[in-house]
Each structure stands twice: as C-alpha cells, then as structure tokens.
Amino acid sequence: MTGYSDRINHAFAFAAKHHDQQVRKGTRLPYLTHPANVAVILTRYGCGEDTIVAGILHDVVGDSVREGMTRDMLEERIDHTSGTGVLATVLAVTQRRVDDDGIEMSAEDRKEDYLQRLSLAAEDALWVCAADKVHNANTILSDLRRTAFPETIWGRLSAGRDGTVKWYRRVADRLREIGFHAPIVAELEHAVAGLEGA
C-alpha cells in the first residue's frame, strides 16, 4: 500500500467537507488533522486501502450529522462512494447514540456499548479503533509535555483526567481481551501508560 490513491484522495475530500469548520478540542487545529494522522498510522502498519479509507472517514458519521444531512444520508454516501465494507468498519467504531430498541443512551452507556460491539467487529475495525486511540492518546501526551499547566489540557476533555485515562485503558484492555494482539495494541498500551503516569 503506497498510502495514496484516487479512493484515498476522495475519502480525504469527503472528510474535509464533512469536518469543515470543526477543530480539535481546545486547539485551532483543523479536525481533519486527526483522520489524516489515523491514516498515517494505519499506513505505517501496512494496512490495506479499505482500512485506511475507513480510518479517514471514521468520525464522519459520529461528528458530522447536522442540518440538511441525516445519519442515514451520510451512511448511504459512504456506502456508495467507498463501499459496504468501509461503511461497516466506520459504523463498528462509531459510538451509537441509541440502542437496538431506539432508546437514547447515556455517555457511559455509549462507551459500554462501543466496547461490547468490538467483539463483533471485523479486524479492519479493530485496526481503526486502535489507530484512533493511539493518535488521541499521544496527542494528549504531546500537549501535556508542552505545558506547565496540565490542568488546562485535562480541562478541555469532557471526562477530565481520570475519565479520559480510564477510557483509553479500557479500550486497550478490551482489544487484548477479544484477541486482537497486533503490534499497534502495544503502541496504544505504551501511550496509555504515559497518560497514567502524567
């Protein structure tokens, strides 16, 4: 995998359109820097094009439903432009807001549901999950190393320090628990250990 192709270019254009005006929490960085880094991480591990495309699009459904665009419309567009397999991967790593009975879930219930559904996810989705968390955790670590005021970094995260660190640990542990032992999991565990010691 070279890391570039017409499909990857299209995925970046699609993500750029749907993450337009969004920035990374507490920064002025365009949100697109996150899916771009996820794609870089997946390419570094030699993942295939479908996995990389899913990595680029992994937050579109969860973050980009807005006026004039429903979740169903987004899903249909991803399916049409990138394929059913990519859509399945994206949905596997998207936190659901409602359960199978249509009942809205709390933030904690959404996380529990996400962790449980990982056991049903295909390997591509596990790679995207891990790459997403590797980038997020390492971004927090980098920001912490650059500041004399760590509370400002933790304060921009809705779960705060304890909740954030616990979440990344739970994801790493869950990946191991369901038998995903790819080298990226060790990278995630290293980042989580760094957060735990920060």
Check your understanding: Would you say the side-chain atoms of D113 pair up with the backbone N or O of D109, donor to acceptor, closer than 3.5 Å?
Key -> no

Practice item. For residues C47 and I52, report the shortest heavy-atom separation together with the two atoms involved. Key: O-CD1, 3.5 Å

Practice item. Rounded to the nearest 0.5 Å, what's the gap from CG on L91 to CZ on R96? Could you check? Key: 10.5 Å

Check your understanding: Can you tell me if R7 uses its side chain to pair, donor with acceptor, with the backbone of S82 under 3.5 Å?
Key -> yes

Practice item. Compare every heavy atom of A125 with every heavy atom of T89, then report the nearest pair and how far apart it is. Key: CG2-CA, 3.6 Å

Exercise for review: Measure the spacing between OG1 of T43 and CD of E49 and express it to the nearest 0.5 Å.
Suggested key: 10.0 Å

Point to revise | Side-chain touch I78/F14, heavy atoms, less than 4.5 angstrom | key: yes

**Study point:** Distance in Å, Q95 CD paired with E112 CD, rounded so as to fall on 0.5 Å steps
**Key:** 10.5 Å

Review point. Considering all heavy atoms of both residues, which atom of E104 and which atom of V98 are nearest to each other, and what is their separation?
Key: CA-CG1, 3.8 Å

Study note, to complete from the structure: T33 and L29 have their tightest heavy-atom pair at OG1-CB, 4.1 Å

Practice item. Classify the ring geometry between Y31 and H19 as parallel (under 30°), tilted (30 to 60°) or perpendicular (over 60°). Key: tilted

Review point. Between R161 (side chain) and E196 (backbone), is there a donor-acceptor pair under 3.5 Å?
Key: yes

Review point. If you count the non-hydrogen atoms of other residues, nucleotides and ligands that lie under 6.0 Å from NE2 in H190, is the total more than 12?
Key: no

Check your understanding: So if you build clusters from Ile, Leu, Val, Met, Phe, Trp, Tyr with side-chain heavy-atom gaps below 4.5 Å, do L118 and M105 land together?
Key -> no

Review point. Below 4.5 Å, heavy atoms only, C-beta onward: do I8 and V53 meet side chain to side chain?
Key: yes

Point to revise | Of all pairs that satisfy ring-ring contact (aromatic ring centres under 6.0 Å, His included), the ones with a partner from residues 139-171, not counting sequence neighbours | key: Y114-W167

Check your understanding: Hey, what do you get for CG (L157) to CG (D162), rounding to the nearest 0.5 Å?
Key -> 12.0 Å

Review point. Yes or no on salt bridge (Lys or Arg N to Asp or Glu O under 4.0 Å) for D143 and R146, after CA distance, side-chain angles and deciding distance?
Key: CA-CA 5 Å; D143 290 346; R146 283 196 297 265; 2.5 Å; yes

Check your understanding: What closest approach, in Å, do L141 and A191 show between heavy atoms, and which atom pair accounts for it?
Key -> CD1-O, 3.5 Å

Review point. Relative to the ring of H34, is the ring of H58 parallel (under 30°), tilted (30 to 60°) or perpendicular (over 60°)?
Key: perpendicular

Review point. Hey, does D132 have a side-chain heavy atom less than 4.5 Å from the side chain of V93?
Key: no

Exercise for review: Kindly compute the distance separating CZ (F180) from CG (L126), expressed to the nearest 0.5 Å.
Suggested key: 5.5 Å

Point to revise | Stepwise side chain to side chain contact (heavy atoms under 4.5 Å, CB included) check, N37 with N138 | key: CA-CA 11 Å; N37 275 285; N138 279 315; over 6 Å; no

**Study point:** Short side-chain to backbone donor-acceptor contact, D99 and D101, under 3.5 Å
**Key:** yes

Exercise for review: For residues I56 and V38, determine if any side-chain heavy atom of one lies less than 4.5 Å from a side-chain heavy atom of the other.
Suggested key: no

Check your understanding: Near K166 NZ, under 6.0 Å, is it more than 12 heavy atoms from other residues, nucleotides or ligands?
Key -> no

Review point. Between CD1 of I178 and CD of Q116, what distance do you get to the nearest 0.5 Å?
Key: 10.0 Å

Review point. Taking the side chain from D50 and the backbone from V86, do they hold a donor-acceptor pair closer than 3.5 Å?
Key: no

Exercise for review: Show your working on side chain to side chain contact (heavy atoms under 4.5 Å, CB included) between I184 and L175 and close with a plain yes or no.
Suggested key: CA-CA 10 Å; I184 194 172; L175 290 171; over 6 Å; no

Practice item. Might you confirm whether atom CD of E177 has over 12 heavy atoms from other residues, nucleotides or ligands at distances under 6.0 Å? Key: yes

Check your understanding: Is the NE2 atom of H181 crowded by more than 12 outside heavy atoms at less than 6.0 Å?
Key -> yes

**Study point:** Ion pair R170/E108, N-O distance below 4.0 Å
**Key:** yes

Point to revise | Side-chain touch V128/L42, heavy atoms, less than 4.5 angstrom | key: yes

Review point. Can you find a side-chain donor-acceptor pair between H18 and D59 that sits under 3.5 Å?
Key: no

Point to revise | Distance-minimising heavy-atom pair for A172 and E189 | key: CB-CG, 4.1 Å

